[in-house]
Amino acid sequence: MRIDDRIIGGALALLSLAIILGARGLPSVPGTTFGPALMPTLIGIAMGVLSIRIFITGLLQKSSAGWFDLSEWKGASRPVFCAVWTLAGIALGIVLLPVIGFPLYGLAFALPLMLLMGARPIHAVLTSVGLVLVAQFVFARLLFVPLPAGPLPMPW
Amino acid sequence: MTIDAFIGALGIVFQPAVLIAILGGALYGLFIGAIPGLTATMATALLVPLTFYMDPIPAIAIIVSTTAMAITAGDIPGALMRIPGTPASAAYVEESYSMTLKGRAETALSIGIFFSAIGGLVGALVLMISGPILARIALKFSSFEFFWLALLGLMTSALVSAKDPARGFISLLLGILISTVGLDVTSGQPRFTFGSIELMGGISFIPTMIGMFALAEVLRGFSSSASFPPAFNTARIRPFRGMGKLLMRYPLSLLRGASLGTAIGALPGVGGDVSAWIAYGVSRRFSRTPEKFGTGHEEGLIEATSSNNAGLSAAWIPALVFGIPGDAVTAIAVGVLFMKGLNPGPRLFLENPTMPMAIIMTFFVANLLLFPLGWLAIKGSRHILAVPRNLIVPVILICCILGSFAINNTMFGVGIMLIAGIVGYILESNGFPIAPVILGLVLGPILERNFIMSMQIADGNLLGFFERPIAAGLGIVVCSVALVPLLSRVIRHLPISTRSEK
């Protein structure tokens with residue numbers, strides 16, 4: 001996804017302004033001149049200068065592809081579904097995983113993605129079930145990571 | 001170090017209990033390092049309860065061999081799936097993954113393991129010979145020197161990783177900006193936390209790294225601009241093939257990488273992570289073919305990967321000689337040494353020289369073990385590329401989710417990984433390199449802490465940054481790194497007549 005340099009430069013300039021304003025709101029440390037605001041302010045100034053340079057580069061180039069170039073996502077719809085499933089699946093997992101547990105979430109996320117990507121159903125089912133079992137065992141049992149188990153009974 | 005201490009140490013290290021500890025640690029490190037998101041530090045921390053039941057030398061030996069193998073094995077997911085195992089691996093993940101995309105995964109993995117092992121052996125040799133001298137020099141470093149050193153690492157990564165330096169520097173600034181989130185390193189004030197308790201702890205580099213490299217790569221893989229690694233030729237896979245030739249072709253890269261790794265790794269508080277980044281940058285700067293960097297070129301990979309393990313060994317110099325840990329791993333190891341009654345410091349070298357010598361020798365054994373275990377790892381890794389993409393991608397994504405979760409055992413890390421993945425995808429699609437973001441995030445606190453401290457010492461006078469001899473030398477190097485490309489660009493753009501008049 002290519003974005004015109006004028007938009008990137010403008011967005012970065014706005015970010016740098018926000019950083020500088022945010023830094024001004026930070027409390028100073030009594031008895032010293034150099035407090036928590038110094039580094040963010042310097043970052044904001046440097047980013048502001050560089051964003052102007054990128055904006056000017058965009059002005060000089062005047063890309064013919066438009067403000068946003070989404071050509072790499074045009075054509076087949078399956079890749080777009082896969083990307084959307086991936087991002088939405090991870091975002092939903094942030095809320096769902098602690099509730100339904102990793103085994104159920106892992107299956108619900110990985111199996112449809114494998115099928116969406118064109119895997120044969122038998123391969124997808126075997127791989128996703130194996131993946132969930134191995135991952136749960138390695139992380140929860142061997143590495144003591146407290147992965148939520150959820151309602152699905154596990155053999156360990 | 002006397003001959004008696006050397007012989008005594010040999011007797012200790014070649015006891016079955018120590019050798020079993022080294023082998024067990026190496027296998028465990030291989031396993032942890034090859035799983036994306038799990039770090040050498042995490043592996044070491046998990047070992048601590050086990051060391052309670054071990055004698056001092058096997059306890060330290062298991063830590064040494066685990067970290068050496070985990071750091072090296074971190075290159076495996078980097079080369080095969082573009083998921084760096086450690087921040088140090090992130091320095092050259094583009095190079096090794098590009099090699100894999102060209103069908104040279106075997107070479108990328110072989111370089112990662114072969115030159116890591118040699119770098120580690122060089123680092124161990126230096127640790128044995130000149131450890132105390134290097135540690136004394138490192139102890140003379142004040143905040144000014146650390147500031148310049150951190151800045152050198154950051155600038156090098158920004159300059160070498162993008163065609164347009166402005167984009168490299170924006171990536172770097174984004175990384176440093178992310179590092180400012182949380183409690184301020186000098187005053188403890190909350191900064192850019194927006195009232196979130198989790199943000200007060202800062203943004204960890206592990207989920208950010210996983211998101212920016214792995215999730216972004218998965219997203220790009222779905223688009224039509226994707227390119228995929230070709231499968232291994234399973235019939236004729238020969239690990240370490242051609243390494244001898246590379247050793248003859250790039251001896252200077254190996255030597256320079258190992259030396260840089262040793263020198264930087266020996267600095268307390270900096271550790272080995274920075275050395276790979278600086279080594280990669282230096283390699284590109286002095287290369288006869290800098291245009292090949294980033295396209296799957298061996299030279300930078302050799303230099304960075306050898307500095308990686310050399311830095312790992314050298315991080316033990318301040319830990320052993322003065323009891324000041326160079327990084328998180330040595331901090332844990334120093335704790336174990338104290339627990340075992342072996343208080344690290346100059347007195348340990350004077351009163352019981354056999355013990356530090358035995359610890360140093362475990363480095364040799366651990367790094368030598370990298371050859372056979374690495375050989376097996378390369379042989380085994382061909383199966384990863386043989387798995388169809390429609391099965392391996394969901395497996396990678398589950399590893400990303402679990403690796404990000406395991407940092408703090410909360411879903412906050414998964415959220416960071418998701419956002420980092422989207423941002424990383426957009427940044428890379430528009431020519432902004434990812435590597436400087438990660439280094440900015442790792443080195444940002446070191447840079448800020450030493451900058452603020454130096455400003456307070458110098459009372460805001462920037463000339464104070466050049467008053468100490470080592471600081472002045474490092475400052476001149478940093479200024480040269482920044483100005484030389486700028487001047488060469490100006491000279492290139494001058495009309496020929498103007499140049500000849502001058």
Side-chain angles (χ1 to χ4, degrees), chain A residues 1-3 5 8 12 19 22 26-27 29 32-36 38-40 43 46-47 50-51 53-54 57 71-75 79-80 82-83 86-87 89-91 93-95 97-98 102 106 109-111 113-114 117-119 123-124 127-128 131-132 135 138-139 143-147, chain B residues 32 35 38 42 46 164 166-167 169-170 173-174 176-177 180 184-187 189 191-192 215 218-220 222-226 387-391 393-395 397-402 405-406 409 411-412 414-415 417-418 421-422 425-426 429-430 432 444 447-448 451-452 455-456 459-460:
Chain A
M1 187 176 74
R2 181 100 186 131
I3 304 170
D5 276 352
I8 293 178
L12 286 170
I19 297 165
L26 292 170
V29 182
T32 174
T33 327
F34 314 106
L38 180 59
M39 190 52 110
I43 294 169
M47 196 180 277
L50 291 167
S51 63
R53 185 195 173 284
I54 287 176
T57 310
S71 56
E72 63 185 21
W73 291 100
K74 283 179 183 162
V80 179
C82 290
T86 300
L87 296 178
I90 298 173
I94 296 169
V95 184
L97 199 147
F102 171 72
F109 176 68
L111 180 61
L113 184 58
M114 285 176 189
M117 290 182 74
H123 289 170
T127 310
S128 52
L131 166 69
V132 164
V138 168
F139 277 83
L143 301 172
F144 304 109
V145 174
L147 268 182
Chain B
I32 294 279
I35 297 177
L38 301 188
M42 193 190 283
L46 285 170
D164 178 8
R167 287 174 198 263
F169 276 108
I170 292 248
L173 290 169
L174 281 174
I176 303 174
L177 176 67
T180 63
D184 169 40
V185 287
T186 50
S187 66
Q189 303 265 12
R191 204 165 43 175
F192 304 132
L215 181 57
V218 166
L219 290 177
R220 195 170 24 261
F222 290 137
S223 74
S224 59
S225 64
V387 179
R389 198 177 151 70
N390 49 32
L391 296 179
V393 165
V395 174
L397 287 170
I398 289 289
C399 287
C400 291
I401 292 169
L402 294 179
F405 176 85
N409 299 331
M411 297 308 289
F412 179 69
V414 182
M417 186 268 292
L418 177 64
I422 297 169
Y425 170 72
I426 295 171
S429 305
N430 291 282
F432 292 89
L447 181 83
E448 185 179 5
F451 177 62
I452 299 285
M455 286 294 273
Q456 282 167 350
D459 204 18

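Below, chain A is the first sequence line, B the second, and so on; all start at residue 1.
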Shortest non-hydrogen contact from [X] to [Y]?
| X | Y | value |
| --- | --- | --- |
| Ser429(B) | Arg2(A) | O-NH1, 3.7 Å |
| Thr180(B) | Met39(A) | CG2-CG, 4.3 Å |
| Gly35(A) | Ile452(B) | O-CD1, 3.9 Å |
| Ile8(A) | Phe432(B) | CG2-CZ, 3.7 Å |
| Arg53(A) | Ala166(B) | NH1-CB, 3.6 Å |
| Ile170(B) | Ser51(A) | CD1-N, 4.1 Å |

Under a 4.5 Å cutoff for heavy-atom pairs, which residue among [options] has the most contacts with chain B?
| options | answer |
| --- | --- |
| Gly106(A), Gly22(A), Pro40(A) | Pro40(A) |
| Gly118(A), Ala110(A), Cys82(A) | Cys82(A) |
| Ile3(A), Leu38(A), Leu97(A) | Ile3(A) |

Using non-hydrogen atoms only, which part of [X] is less than 4.5 Å away from chain A: side chain, backbone, both, or neither?
| X | result |
| --- | --- |
| Phe412(B) | neither |
| Asn390(B) | both |
| Glu448(B) | both |
| Asn430(B) | both |
| Ile401(B) | side chain |

Can you tell me which portion of [X] sits under 4.5 Å from chain B's heavy atoms? Options are side chain, backbone, both or neither.
| X | answer |
| --- | --- |
| Phe109(A) | side chain |
| Leu87(A) | both |
| Ile54(A) | side chain |
| Leu50(A) | both |
| Leu111(A) | neither |
| Leu131(A) | side chain |
| Ile43(A) | both |

Would you confirm whether Arg191(B), through its side chain, and Pro36(A), through its main-chain N or O, come within 3.5 Å as a donor-acceptor pair?
yes

Supply the atom-to-atom distance [X] [atom1] to [Y] [atom2], rounded to the nearest 0.5 angstrom.
| X | Y | atom1 | atom2 | answer |
| --- | --- | --- | --- | --- |
| Phe222(B) | Met117(A) | CZ | CE | 4.5 Å |
| Asp5(A) | Arg167(B) | CG | CZ | 4.0 Å |
| Phe405(B) | Phe139(A) | CZ | CZ | 10.5 Å |
| Phe34(A) | Met455(B) | CZ | CE | 4.0 Å |

Any Val145(A) side-chain heavy atom under 4.5 Å of Leu402(B) side chain:
no

May I ask you to test the Val393(B)-Met114(A) pair for a side-chain heavy-atom distance under 4.5 Å?
no

Verdict with supporting geometry, Met417(B) and Ile90(A), side-chain contact (heavy atoms from CB on, under 4.5 Å):
CA-CA 9 Å; Met417(B) 186 268 292; Ile90(A) 298 173; 4.2 Å; yes

Chain A contacts, top residue of [options] (heavy-atom pairs, under 4.5 Å):
| options | answer |
| --- | --- |
| Ile176(B), Val414(B), Leu391(B), Val218(B) | Leu391(B) |
| Leu418(B), Leu215(B), Ile426(B) | Leu418(B) |
| Asp459(B), Leu219(B), Leu174(B) | Leu219(B) |

